[in-house]
Amino acid sequence: MTVALPMPDMGDPAVRARMAEAIVNDGPSVERARQMLALCQAMAGNQAEAAQSLRKSLGLGDGDAQALFGRWQREADYGQFLAERDALQIKPVPYRTGAVEVRAFATKEAYDKEQDPAFTGVCRTTPSNFNDNAAIVTFNLTEIGAQLFWSALGGPSDNGDKAKDGGSSVLSATYTVTFDGLLPDASATVTLSQTKMAKLVVEEQKHRGAWGSTHTVAVPRGRSYSEMAKSSIDVVLPSADSGSKETVSKLLTDWAGKQLEDMVKSQLPALDLNALTADGVRQIEQVQDQSRTYHLSQALNIEKRPQALLPRVDAVVPADKLGDCFHTIDLNAKPFFDLDLTVSPPSAERLKALGVDRLVVTALTLAGHKLRDDARKEVSVLEFTAGGDLRSRQLRGTFSKGDERAPLKYQYRVVYQDGTPAFAASREDTENRNYLDLFGVDFGVLHATLRGQDLPWGVIDRASVALRLGDWEQEDIDLAATAPFETTVNVPLGQSSIGDLSYRLTLALTNGDTVEGDWTLVQGWRGTGAVRLASPWGGVARRVRLSLEDGADRARVRLETTLRGARPGVFRQEIELDRAAGPRSVDWTVPAGSGGPGALRVVEAEVSVGGKTSRLNVATAVLDPLPGGPVAVRVRATGVTVG
C-alpha cells in the first residue's frame, strides 16, 4: 500500500487558485489580520496601552504601526489586511525530515475521539523526496487487521456483493514533516534591572552552637535566580499557529537566557550564578541597568502534522469495477505446512525372531529436506538395536505448500546376528507421511511358517518341502508329523525377501509310495508370513469312520480308496479296532480328489466275537462313486457295510 503526500501541480491555474484560497483564509493569517484591525482601532481611539500590547504581539515597530494605521480603511473589515491572492508567490517547500504512520480504527467515532486504534500494529515509515513524498507501508495482516483493512477501503462482502455501509472502520494517515520556515518580526528583549535583581534579598539567620553559644549566618532568600531570569526576558512573537510559536519561543528564550548571564558576568566576572551566596546577591544589587534586544531573521525548523482519512476505494472506482480492486485472502491458507512424523520401530521380539542385530535408518527426507527432533536438530541417523531403546521417535518439519504431495523417502540397512552381509534398501511413502511403521519393512529375511494342516495325514507318514525365492533355494524341510503339523524357516538373505516364493511338496504315503507335487506360487509374498501348504490332490479331504457294532469285540480291516482325475491315486490303510483295549471307532482321512468322484472298497476284514475269529465276506463292501461328505464303515459280527 502506498500513502502519498504529493506536491501540488502549480502549473494548473485551478490548483493555484485553491492554494491561494487556503493560504489567505488560513487560521493564523486571519487572526493576524484581525489583530491589525484591532491595533488600528486602538490607535484611533487613543488606547495607548492596548495599542502597545497589540503592536508587540504583531511584532511591529512604531514606524511599522504608523504605516499600517496610515493605509487603514475605516469602513472595511479585517479582510483589507489579508494577502492579495494574485500577488502570492506560491512554491512547494521540500521537507527536511518526515515520517508517516497508518492506523486502523474500529469505528469513525473511535477515530474522532482519538481512541486507541483497534489494529495496534501502527505502521511507521519514512517518505521519500524522490518518490512524490510517498511512503510504502507493508501490513502483516492479522485476522482482525485484514477485516479492518478490507472494510475501511470499501471492499465487497464475502459473497461478492458490495457491503451496505462498506464497513464502519477507518484508516488514517498522519505525516510528521519538518521544513525550513521564517516568521518575520519575532524578537526577544532581555533587561538586567536593579529592581528585579533586588528581589533576591539576604536575611540573617541565627544558629545555636555548643555550650549555649550563638552565631548569625546571612543566606539568600526570595525568588530563585531562574525565576528572576524569566521575569527579565520579554519575547514578542507574530501571530502564528501554536506549533510554530513554541519552536520560535524556545529559540528566543534560550538566546535571552544566555544574554542575561553574559550581562551579569560582564559587570561581575567573579560571580557564580549557579552557586549564588548572600555575598553574591549583595553584588548583584549593585549592577547597572542594561538591555539587549534580538530580532529573529534566520530560518527555523518548523514541524507540521498534516493528516486525513484515506479515501475509500468505492468513492473513486465505479461499482462494477470494485471487485477488480480486491483479491480475497484466505487467512487459513499458509505458504507452508507443518509435518509431525512418528517413527515406530520393530519390537525386540521381531528383531530376535528374524535374527536381526540392528536396523539403521538414514537419509530420511521429505521433498529433499530433513526433519528435526525435539531439540530442533536435524535428524540424519536413527538406529534401533535388538537390545537397545525401541521406543517411538517424534520428528517434525516445516515444508513448502507445493511439497504437500512429495513422498517421504528414507534408506535403511539391516545388520544380521549371524554375520550375513548387511542388506541395504530404500523406500518412499506417498500415502501416510505422519506415521512410519518399520515393523513391516523388508528385512531381507525369509521368515516363513509352513503349515500342513490341510495335508492328508491319514495316508502319509512324512512330508517335506522345497522353497525357492529368486536365486535362493532350499530342499528337505520336514514338517512335524504330529499336530500342529508345521515348521518355521528363518533365513537371512542379505537381499530383498519380497518376490515370488514357491514351494514343492514331497509326501511319503503310509503304503510306501512317494508323491511329489508341482511347484506352487505363494501369492503376495512379502518376506514374512505363513504358508498354508495345499495337498497335491486339492484342498478337500474326506473322512472315513470305522466302528465296531452288534457285539463284535475286535476287528482288523484293510481299506482302499481310489482317486480319479488329473492326479489319480490309490490309498490303502489297515485299521484295527478293539472294544476292550482300544478304540471302538477310528477316523481315516483321505483326499477327496478334484477330478470327479472316487471309490472306496473294503479289501479284507476279520472279526472276533467271544474269542472266535472269522473272515467276513466283503464282496459288497464297495462304494462307487463316493458321495460328498463323510463315509461310515460299520463292522458287525455278521458282515461289513459301507455307506
What distance separates [X] [atom1] from [Y] [atom2], expressed to the nearest 0.5 Å?
{"X": "R558", "Y": "E576", "atom1": "CZ", "atom2": "CD", "value": "12.5 Å"}
{"X": "T449", "Y": "N490", "atom1": "OG1", "atom2": "CG", "value": "9.5 Å"}
{"X": "E604", "Y": "E574", "atom1": "CD", "atom2": "CD", "value": "7.5 Å"}
{"X": "L623", "Y": "T561", "atom1": "CG", "atom2": "OG1", "value": "10.0 Å"}
{"X": "R413", "Y": "L359", "atom1": "CZ", "atom2": "CG", "value": "11.5 Å"}
{"X": "W525", "Y": "L446", "atom1": "CH2", "atom2": "CG", "value": "6.0 Å"}

Considering only heavy atoms from C-beta outward, does the side chain of [X] approach that of [Y] to under 4.5 Å?
{"X": "I460", "Y": "F571", "result": "no"}
{"X": "V635", "Y": "V557", "result": "yes"}
{"X": "L364", "Y": "V379", "result": "no"}
{"X": "Q573", "Y": "V544", "result": "no"}
{"X": "V343", "Y": "V361", "result": "no"}
{"X": "T514", "Y": "L507", "result": "no"}

Single hit among [options] for side chain to side chain contact (heavy atoms under 4.5 Å, CB included) with [X]:
{"X": "R545", "options": "V631, D587, V633", "result": "D587"}
{"X": "L533", "options": "T520, V522, L450", "result": "L450"}
{"X": "Y503", "options": "I477, L521, V531", "result": "V531"}
{"X": "F423", "options": "V415, V414, V445, L493", "result": "V414"}

Task: Polar side chain donor-acceptor pair, S497 to D442, under 3.5 angstrom - done: yes
- [ ] Would you kindly say whether T641 and R636 are connected by a side-chain donor-acceptor distance under 3.5 Å?
- [x]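 There is such a pair (donor and acceptor under 3.5 Å, judged by atom type) between the side chains of T641 and R636.
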Does [Y] offer a backbone N or O that forms a donor-acceptor pair with the side chain of [X] under 3.5 Å?
{"X": "R542", "Y": "P627", "result": "yes"}
{"X": "N434", "Y": "D340", "result": "yes"}
{"X": "D403", "Y": "A406", "result": "no"}
{"X": "R350", "Y": "F439", "result": "yes"}

Task: Among R393, Q394, R396, side-chain hydrogen bond (donor to acceptor under 3.5 Å, both in side chains) partner for D374 - done: R396
Answer yes when [X] and [Y] have at least one side-chain N-carboxylate O distance shorter than 4.0 Å, and no when they do not.
{"X": "R468", "Y": "E473", "answer": "yes"}
{"X": "R554", "Y": "E606", "answer": "no"}
{"X": "R462", "Y": "D478", "answer": "yes"}
{"X": "D454", "Y": "R532", "answer": "yes"}

Task: Closest non-hydrogen atom pair between V441 and L438, with its separation - done: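 Closest heavy-atom pair between V441 and L438: CG2-O, 3.3 Å.
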Task: More than 12 heavy atoms of other groups within 6.0 Å of D437 CG - done: yes
- [ ] Validate the cation-pi geometry between R427 and Y412: distance from NZ or CZ to the six-membered ring centre under 6.0 Å, angle to the ring axis within 45°.
- [x]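 Because its charged atom misses either the 6.0 Å distance or the 45° angle limit, R427 does not stack over Y412.
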Open item on the list: Angle between ring planes, W457 versus F485, binned at 30° and 60°: parallel, tilted or perpendicular?
Closed with: parallel
